[in-house]
Amino acid sequence: MSTPGAGPRPGEAMHRFDAATADLAAQVLRRARERLQLDPVPLDAPRSPAELTAAAGQTITAAGLGGQAALDLFCDVLAPACLSTDHPRYLSFIPCAATEAATLFDLVVGASSVYGGSWLEGAGAVYAENQALRWIADLAGLPAGAGGVFVPGGTTGNLSALLAARSAVRAREGHRRPLKVAAAATAHSSIASTCDVLDLQVVPVPVDARTGRLTGAALTAALGTDRSDLAAVVATAGSTNLGTVDDIASVADYCHAPDTAGTPPTWLHVDGAYGGAGLAAPTVRHLFTGTERADSFIVDPHKWLFAPFDSCALLYRDPATARAAHTQRASYLDVLTERGEWDPADYAIGLTRRARGLPFWFSLAAHGADAYTAAVERTLQVARAAAAMVAGRAELQLVREPDLSVVAFFRRGWATADYTAWSERLLAEQFAFVVPSAHEGRTCLRLAIVNPRTGEDDIAAVLDTLR
Ligand SMILES: *Cc1c(COP(=O)(O)O)cnc(C)c1O
């Protein structure tokens, strides 16, 4: 801090809240408010590196552009070169439709300089995050002792959970041999990539041909009753491509069945990164039966629970197992470790962490759980309407009746090039963002409906372009 009245010391100028900063604050807050008030938001589109070089030029200079100019550059050139994932007709991948409250509070989190890795440093934030985690644990039916941490995304969540599962086996029997992870052949790509990191061999298990679900019977058929090589079984609660919920109860039965080798129950990881939000919706809650028996569970609030990027809730039935796997040991950390408090960094890959569960917590605290149930149910209602519309149109063919809010279908008579051209045209016209996917090797379309602003009219308008 410098003497009152004196100018900033060299190197200190950027850290002062002076008149120019006050002006910048007003501009930044104005930009945030204007973006939130847009209805609808522009869909926008990517630009090539050459186009961006021409439009934005060199942004890092010795003297700096000045805050106002850098902000203008973002608002006028860079932001329009990013798709708005909350546009009502952004229906590809999994959109991100944060509530206004969650988005606004993200600004507050950013301004609060909270370290979310330890109780010592971030007790208040961790308390709030833990209440949000408890809400999810209660929906899932996990026991009172369950707990975890908000990590950046489902990939990190799956990695952290499977590392805990592997550690549990190694704690029992040492590093004796290669271990396997069984998952539906349709499980998310991150299961294969995280198993690669962990040197676990993925066993893809065929799903039921009619329902698309992984079942206990299929696990038995693929692996037999000797589970001694398994580090974990992954059940997907809402597959990314079709939104299918595995038969979690029979998968849990498989994990707990007496086994010919005398193996203790196998770790059950439930990947609800996308679909876990369905736990809050009474009309689909029954599909998730068995989740209460999970050893670990993830759901991404940045997918279908209306939080901004990046946020995955990772929960463990027995947090002590996860702590044993994840706690980093070092002389400079002993001061934390020895306190024995709830340190979020002990439950996942990563040490330093933003208190990224807070935007979700704030919105949930402000609006209450019932509003979440209503919002998830609304998207399910639109998804059901979408499926009915597809089924009623002769040129379209549903891949499967949706379990949740992903509706996938074929356009009869179309080759892959037709789908691609259609998708590119819709984006070029700033009408919708729907990219092709594939089911069993055949190109298809999928609409992922997680934005309560997406209405039946939006779906009808998109389907009309397929005539
Ligand atoms: C999206 C998704 C993931 C990966 O989550 P990220 O947040 O993108 O890392 C994992 N599993 C499922 C089922 C998903 O839908």
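Just so it is clear, the values below take in all heavy atoms, side chains as well, and ignore hydrogens, waters and symmetry mates. Whatever order the structure lists ligands and atoms in, that order sets their numbers, starting from 1.
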Stepwise salt bridge (charged side-chain N to carboxylate O under 4.0 Å, His left out) test for Asp343 and Arg353: CA-CA 11 Å; Asp343 293 336; Arg353 66 179 290 275; over 6 Å; no
Parallel, tilted or perpendicular: rings of Trp414 and Tyr419 (30°, 60°): perpendicular
Under 3.5 Å, side-chain donor or acceptor atoms of residues 143-156 against the rest of the protein: list the pairs with distances, not counting sequence neighbours.
none

Any pair counted as salt bridge (Lys or Arg N to Asp or Glu O under 4.0 Å), so long as it reaches residues 134-153, sequence neighbours left out: Arg134-Asp138
NZ/NE/NH1/NH2 to OD/OE distance under 4.0 Å, Arg89 and Asp458: yes
What does the contact table look like for ligand 1 (nitrogen or oxygen on each side, cut-off under 3.5 Å)?
unit_1	atom_1	unit_2	atom_2	d
ligand 1	5 (O)	Gly154	N	3.1
ligand 1	5 (O)	Asp300	OD2	3.4
ligand 1	5 (O)	Lys303	NZ	3.4
ligand 1	7 (O)	Gly154	N	2.7
ligand 1	7 (O)	Asp300	OD2	2.7
ligand 1	7 (O)	His302	NE2	3.1
ligand 1	9 (O)	Gly154	N	3.1
ligand 1	9 (O)	Thr155	N	2.8
ligand 1	9 (O)	Thr155	OG1	2.8
ligand 1	11 (N)	Asp271	OD1	3.1
ligand 1	11 (N)	Asp271	OD2	2.7
ligand 1	15 (O)	Thr240	OG1	2.8
ligand 1	15 (O)	Lys303	NZ	3.0

For residues 361-370, dump all side-chain donor-acceptor pairs below 3.5 Å to protein atoms at least two apart in sequence or in another chain.
unit_1	atom_1	unit_2	atom_2	d
Ser363	OG	Thr99	OG1	2.7
Ser363	OG	Tyr372	OH	2.6

